[in-house]
There are 2 protein chains.
Amino acid sequence: MSDFDLRTFLPYLLNQAAEETSLGFSRVYKDRYGMLRTEWRVLFHLGRYGDMTASEICRLAKMHKTKISRAVSALEEKRFVAGRESGTDRRREILTLLPQGRRAFDDLVGVAERHDRDLTANLSSGERAVLIDCLQRLAGFDKFPD
Amino acid sequence: MSDFDLRTFLPYLLNQAAEETSLGFSRVYKDRYGMLRTEWRVLFHLGRYGDMTASEICRLAKMHKTKISRAVSALEEKRFVAGRESGTDRRREILTLLPQGRRAFDDLVGVAERHDRDLTANLSSGERAVLIDCLQRLAGFDKFPD
DNA sequence: GCTTGTTGGTTACAAAAGCAACTTTTACCA
DNA sequence: TGGTAAAAGTTGCTTTTGTAACCAACAAGC
């Protein structure tokens, strides 16, 4: 055999933890609003950081632009999001939350906060701090503090 | 807006970290052996934990059985894996690594070990210990120490 | 002005994942 | 012993993702 352990191999471990922890939350936005993860992310970025274009979300969330494009279409279909032209550059479309989208966002942020509290409930505050810090470094958030 | 921060929300953070950290490694098994992540995982389980059936891998890796089924087919195609009948239960097929598969496994374990060392290079050993421990708990590895 | 390159975004096609139905074999139990 | 349920795997179909090509608008250089 070998003594290499999958259960301490970071890419695997992170992936399993990510899958496990997002299960409960993804069920909520899926069941309650028929959204996909990509849609939730776009919704979130608009709700949290204000109006922006697809490519800004692209850069912030490190999602591919085709995913964004499709997520935006779906959110427009649901009347959660609308786009308006940028005055200066007719290629750019500035995206905004519509009232429906804002309501969904507010609702889901509440769910997310509770979910996050539950997840970290059995972690000490010291552990939590180290965990978040390490994860942010691994995710590269320290390099791109956009 | 809202003061909820995506960059500390565990499901998101874990997902970004997982994506970021697995990028380099997945390129290796993809380019070098034309494997998918599912195939690497099956290969790994057989190489590390010895011969087993699809459903055992299923349970250990928490992967859906159709993914395993297809990954096994692909690995058989590559002559990395072969299945033999279990004597006692003709439904079960016990999977084994073939020499080619063993070589690929050995090679990839080396790559994985180096990759993991690189990833944790800027973490103190204390941080690393807390990180691994928290992730294992979040992934549920403490509950199913199979 | 023209031409070349770049950026924002969409679309078409191929690969992969998810889900449900199905086959075969085994286990249980009245 | 027969009948129902459950487990191991596979297959077909749908949804989602990935990739590359593409269009339109802008920018820069000459």
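Bear in mind that the values here come from a model prediction, so they are computed numbers and not experimental data. Convention: sequence-line order gives letters A, B, ...; per-chain numbering from 1.
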* Just call it for B:Thr53: base, sugar-phosphate, or nothing, with non-hydrogen atoms closer than 4.0 Å on any strand. => sugar-phosphate
* Asked: Can you tell me how far P of C:dT6 sits from CZ of A:Arg92, to the nearest Å?
  -> 19 Å
* Let me know the distance between NZ of B:Lys62 and P of C:dA17, rounded to the nearest Å. => 18 Å
* Under the criterion ring-ring contact (aromatic ring centres under 6.0 Å, His included), which of A:Phe25, A:Tyr33, A:Phe80 is the partner of A:Trp40? -> A:Phe25
* Nearest-angstrom distance from the residue atom CE of A:Met63 to C1' of C:dG8 -> 16 Å
* Tell me: CG of B:Leu23 to P of D:dG18, nearest whole Å? -> 11 Å
* A:His64 or A:Arg90, whichever maps to the more 5' nucleotide of DNA chain D -> A:His64
* To do: Take the protein atom CD of A:Glu93 and the nucleotide atom P of D:dA24, then report the distance between them rounded to whole Å.
  => 16 Å
* Length of the line joining B:Asp89:CG and C:dA27:P, which is rounded to integer Å -> 6 Å
* Should B:Ser69 be listed as having a side-chain N or O under 4.0 Å from OP1 or OP2 of D:dT11? -> no
* Asked: Does OP1 or OP2 of C:dG9 have a side-chain N or O of A:Thr66 closer than 4.0 Å?
  -> no
* Asked: Is B:Leu131 close to A:Leu135 at the side-chain level, that is, under 4.5 Å between some pair of heavy atoms?
  -> yes
* Asked: Contact class for B:Lys67 (heavy atom, under 4.0 Å): base, sugar-phosphate, or nothing?
  -> sugar-phosphate
* Nearest to side-chain heavy atoms of B:Leu36, which nucleotide of C:dC19, D:dC26, C:dA17 -> C:dA17
* To do: Give B:Thr88 one of three labels, base, sugar-phosphate or nothing, depending on what nucleic acid heavy atoms sit under 4.0 Å from its own.
  => sugar-phosphate
* Side-chain heavy-atom pair B:Arg59, B:Glu56 within 4.5 angstrom cut-off -> yes
* State the CZ-CE distance between B:Arg37 and B:Met63, to the nearest 0.5 angstrom. => 9.5 Å
* To do: Provide, to the nearest angstrom, the distance between the CE atom belonging to B:Met52 and the P atom belonging to D:dA8.
  => 14 Å
* Asked: Got a donor-acceptor pair under 3.5 Å from the side chain of A:Arg70 to the base of D:dG18?
  -> yes
* Asked: Are any of the side-chain nitrogens in B:Arg70 or B:Glu39 under 4.0 Å away from the carboxylate oxygens of its partner?
  -> no
* Structure fact -> Winner on side-chain proximity to A:Arg91, out of C:dT6, C:dT26, C:dA17, is C:dT6
* Separation of C:dA16 C1' from B:Trp40 CH2 (nearest whole Å) -> 20 Å
* Asked: Touch check for B:Ile68, heavy atoms < 4.0 angstrom, all strands: base, sugar-phosphate only, or nothing?
  -> nothing
